[in-house]
Asks: 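I'd like to ask you about the structure that follows.
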Amino acid sequence: METKIAIQGIRGSFHHQVANEYFSENIELDECMSFDALVNSLVENKTQQAVMALENSIAGSIIPNYALIDRNNLHIIGEHYLNINMNLMVLKGQKIEDIKEVHSHPIALLQCREFFKKHPHIKLVESGDTAETAHRIQEKQLKKIAAVASPIAAEMFGLDILASGIHTIKSNKTRFVILKTENKVLPKSEINKASIKFELDDTPGSLATILNVMNNCKLNLTKIQSMPIIETPFQYSFFVDVTFEKYKHYEKAKSIVELMTTHFKVLGEYRRGDTI
């Protein structure tokens, strides 16, 4: 039986690549042209799981996606790191001098900005997805327009790669999370990473105290991301990722932190991914 997976973008996108690598069984894709649509697909039970990009080693965190996971009470049940290879692709027979515009996802363009500084004649245009732009160029036979996408997209849609590996920093990885509407996947013995969210009052040093608790409980802090609380000016939510060797250490820290915070929520408990 096929598992139906929501991805942001279409076949040939980086989300599609992650879905193929993460899920060993046969999968059916729900291609979503925005992260909001991806979340709706999951919440409305059109799909069983979803793949969502959360942070990139060059562009940083995709902050709105943290809010989407939190607001819709989704659960992170896994993660996958993907080496990103950005390529400039066009209809066959064109040269880089012919290109007037390049279309791609804004995060993809951000990762390649140093390359495009060398080609100021090319206008950067944001689109919903890397592979969708490649597909549109092929389908409508668009000349003078290029896409930034994966080598798989160039192969799928029959485009020429004018320049490969155009991302600014060659060690370019994106962290993707696997989402479900509930988290009943792994036994505690296999869980070694967790994503949590908490809020604090404005007591001086309160965040430092929380971080000390995590350290004393043998947790390794791998990510902390703050986000303003709109209803309360100058108050923040903190999204934190921690890894640990033993679940009991995390469980102890969780029980203490829950007492010390004004709001506490577990976004996911899962097995940490291989960063390659």
Side-chain angles (χ1 to χ4, degrees), residues 5-9 13-15 18-19 22 32-43 47 49-82 84 105-108 110-111 126 128-129 172-183 185 191 193-200 206-207 210-211 214 219-244 250 253-254 257-258 261-273 275:
I5 309 297
I7 61 168
Q8 194 275 313
S13 66
F14 293 111
H15 279 75
V18 169
Y22 186 85
C32 305
M33 292 314 296
S34 70
F35 287 116
D36 285 305
L38 179 147
V39 168
N40 288 340
S41 175
L42 199 55
V43 170
T47 49
Q49 301 186 53
V51 174
M52 176 187 276
L54 204 55
E55 59 181 298
N56 174 262
S57 57
I58 298 175
S61 297
I62 307 174
I63 294 176
N65 285 359
Y66 285 88
L68 279 174
I69 293 170
D70 177 33
R71 190 165 61 244
N72 291 279
N73 295 313
L74 300 179
H75 295 266
I76 300 171
I77 57 100
E79 66 177 3
H80 187 82
Y81 290 85
L82 183 69
I84 302 296
H105 192 279
I107 298 295
L110 183 62
Q111 292 170 27
E126 295 182 357
D129 177 53
N172 181 13
K173 301 178 190 297
T174 294
R175 177 186 175 224
F176 294 79
V177 290
I178 314 303
L179 300 172
K180 289 187 73 173
T181 54
E182 60 180 7
N183 193 357
V185 179
I191 295 171
K193 188 169 184 178
S195 297
I196 61 175
K197 173 204 173 186
F198 58 82
E199 296 170 9
L200 301 168
S206 55
L207 177 58
I210 295 291
L211 299 181
M214 294 181 181
L219 304 190
N220 178 37
L221 181 73
T222 60
K223 176 77 177 179
I224 183 167
Q225 179 73 52
S226 63
M227 186 180 298
I229 302 171
I230 304 301
E231 301 83 4
T232 315
F234 305 109
Q235 295 288 305
Y236 297 87
S237 297
F238 295 92
F239 294 84
V240 172
D241 291 337
V242 291
T243 60
F244 41 88
Y250 159 72
K254 182 170 64 169
V257 171
E258 193 166 5
T261 54
T262 57
H263 173 80
F264 180 86
K265 184 179 184 181
V266 175
L267 301 177
E269 298 175 359
Y270 47 98
R271 187 188 300 116
R272 63 176 175 258
T275 57

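Only heavy atoms go into these numbers, but all of them, side chains included; no hydrogens, no water, no symmetry mates.
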Asks: Is there side-chain contact between Lys197 and Ile69, with heavy atoms separated by less than 4.5 Å?
Replies: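 Side chain of Lys197 against side chain of Ile69, heavy atoms only: no contact under 4.5 Å found.
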Asks: Decide yes or no for Met227 and Asp70: does some side-chain heavy atom of the first lie under 4.5 Å from some side-chain heavy atom of the second?
Replies: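 Side-chain contact under 4.5 Å: no.
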Asks: Does the side chain of Val43 come within less than 4.5 Å of Leu74's, by heavy atoms?
Replies: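 SC-SC contact between Leu74 and Val43 confirmed.
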Asks: Set out, in order, the CA-CA distance, both residues' side-chain angles and the distance that settles side-chain contact (heavy atoms from CB on, under 4.5 Å) for Lys254 and Ile196, then state yes or no.
Replies: CA-CA 9 Å; Lys254 182 170 64 169; Ile196 61 175; 5.7 Å; no
Asks: Mind checking the CD1-CG spacing from Ile63 to Leu68? Nearest 0.5 Å is all I need.
Replies: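 With rounding to 0.5 Å, CD1 (Ile63) is 12.5 Å from CG (Leu68).
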Asks: Once you round to the nearest 0.5 Å, how far does CD1 of Ile107 lie from CD of Glu126?
Replies: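 One finds 8.5 Å between CD1 of Ile107 and CD of Glu126.
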Asks: Are the side chains of Thr47 and Leu42 in contact, using a 4.5 Å heavy-atom criterion?
Replies: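 Yes, at least one pair of side-chain atoms sits under 4.5 Å.
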Asks: Would you name the heavy atoms of Ile76 and Ser195 that are closest together and state the gap between them?
Replies: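 Looks like CD1-OG, 3.8 Å.
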Asks: Would you indicate whether the side-chain heavy atoms of Thr174 and Val18 approach each other to under 4.5 Å?
Replies: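 Side chain of Val18 against side chain of Thr174, heavy atoms only: no contact under 4.5 Å found.
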Asks: Step by step, work out the side-chain contact (heavy atoms from CB on, under 4.5 Å) result for Phe176 and Ile7.
Replies: CA-CA 11 Å; Phe176 294 79; Ile7 61 168; over 6 Å; no
Asks: Not counting sequence neighbours, which residues clear salt bridge (charged side-chain N to carboxylate O under 4.0 Å, His left out) with Arg175? List them please.
Replies: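 Expected list: Glu55, Glu79, Asp241.
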Asks: Between atom NE2 of His263 and atom CD of Glu199, what is the distance when rounded to the nearest 0.5 Å?
Replies: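 Atom-to-atom, His263:NE2 and Glu199:CD are 5.0 Å apart.
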Asks: Listing request: all salt bridge (charged side-chain N to carboxylate O under 4.0 Å, His left out) pairs with a residue in residues 228-238, at least two apart in sequence or in separate chains.
Replies: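 For residues 228-238: none.
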Asks: I would like to know whether Ile178 and Val51 meet side-chain contact (heavy atoms from CB on, under 4.5 Å); could you show each step before the answer?
Replies: CA-CA 5 Å; Ile178 314 303; Val51 174; 4.0 Å; yes
Asks: Write down the atom of Ser41, the atom of Cys32, and the distance for their closest heavy-atom approach.
Replies: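 So the two residues come closest at CB-SG, 4.2 Å.
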Asks: Please confirm whether the ring centroid of Phe238 lies under 6.0 Å from the ring centroid of Phe198.
Replies: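 Close enough - the centres of the two rings lie under 6.0 Å apart.
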Asks: Which pair of non-hydrogen atoms, one from Gln111 and one from Ile84, has the smallest distance, and what is that distance?
Replies: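 It is OE1-CG2, 3.8 Å.
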Asks: CG/Asn56 to CG/Leu110 distance, rounded to the nearest 0.5 angstrom?
Replies: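 The CG atom of Asn56 sits 8.0 Å away from the CG atom of Leu110.
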Asks: What are the two closest non-hydrogen atoms of Phe244 and Ala194, and how far apart are they?
Replies: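 Taking Phe244 first and Ala194 second, the nearest heavy atoms are CE2-N, 3.9 Å.
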Asks: Does a side-chain heavy-atom distance below 4.5 Å link Val242 with Met214?
Replies: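 In contact.
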Asks: With a 4.5 Å cut-off on side-chain heavy atoms, are Ile62 and Met52 touching?
Replies: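 No. Closest side-chain heavy atoms not under 4.5 Å.
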Asks: With a 3.5 Å distance limit and no angle check, can you tell me whether Asn172 reaches the backbone of Ile58 through a side-chain donor-acceptor pair?
Replies: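 Checked: no pair found.
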Asks: Kindly compute the distance separating OH (Tyr270) from CD1 (Ile191), expressed to the nearest 0.5 Å.
Replies: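 Between Tyr270 OH and Ile191 CD1, I get 11.0 Å after rounding to 0.5 Å.
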Asks: Residues two or more places apart in sequence or in another chain: which of them pass side chain to side chain donor-acceptor pair (under 3.5 Å) with Asp36?
Replies: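 Per chain and number, Asp36 pairs via side chain to side chain donor-acceptor pair (under 3.5 Å) with no residue.
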Asks: State whether the side chain of Ser57 and the backbone N or O of Lys173 hold a donor-acceptor pair below 3.5 Å, judged by distance alone.
Replies: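 Pair found, side chain donor or acceptor close to backbone of Lys173.
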Asks: Would you say that Thr261 contacts Leu200 through its side chain, given a criterion of any heavy-atom pair below 4.5 Å between the two side chains?
Replies: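 Thr261 reaches Leu200 side chain to side chain.
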Asks: Using the test side chain to side chain donor-acceptor pair (under 3.5 Å), find all partners of Gln8 that sit at least two apart in sequence or belong to another chain.
Replies: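 For Gln8 there are no side chain to side chain donor-acceptor pair (under 3.5 Å) partners, ignoring immediate neighbours.
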Asks: Of all residues at least two apart in sequence or in a different chain, which pass the side chain to side chain donor-acceptor pair (under 3.5 Å) check with Ser61?
Replies: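 So Ser61 forms a side chain to side chain donor-acceptor pair (under 3.5 Å) with Lys223, Gln225.
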Asks: Return the NE2 to NE2 distance between His15 and His105, rounded to the nearest 0.5 Å.
Replies: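 Taking NE2 in His15 and NE2 in His105, the distance rounds to 7.5 Å.
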Asks: Apply ring pair (Phe, Tyr, Trp, His ring centres under 6.0 Å) to Tyr22 and list each qualifying residue two or more places apart in sequence or on a separate chain.
Replies: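 Listed in chain order: nothing, the list is empty.
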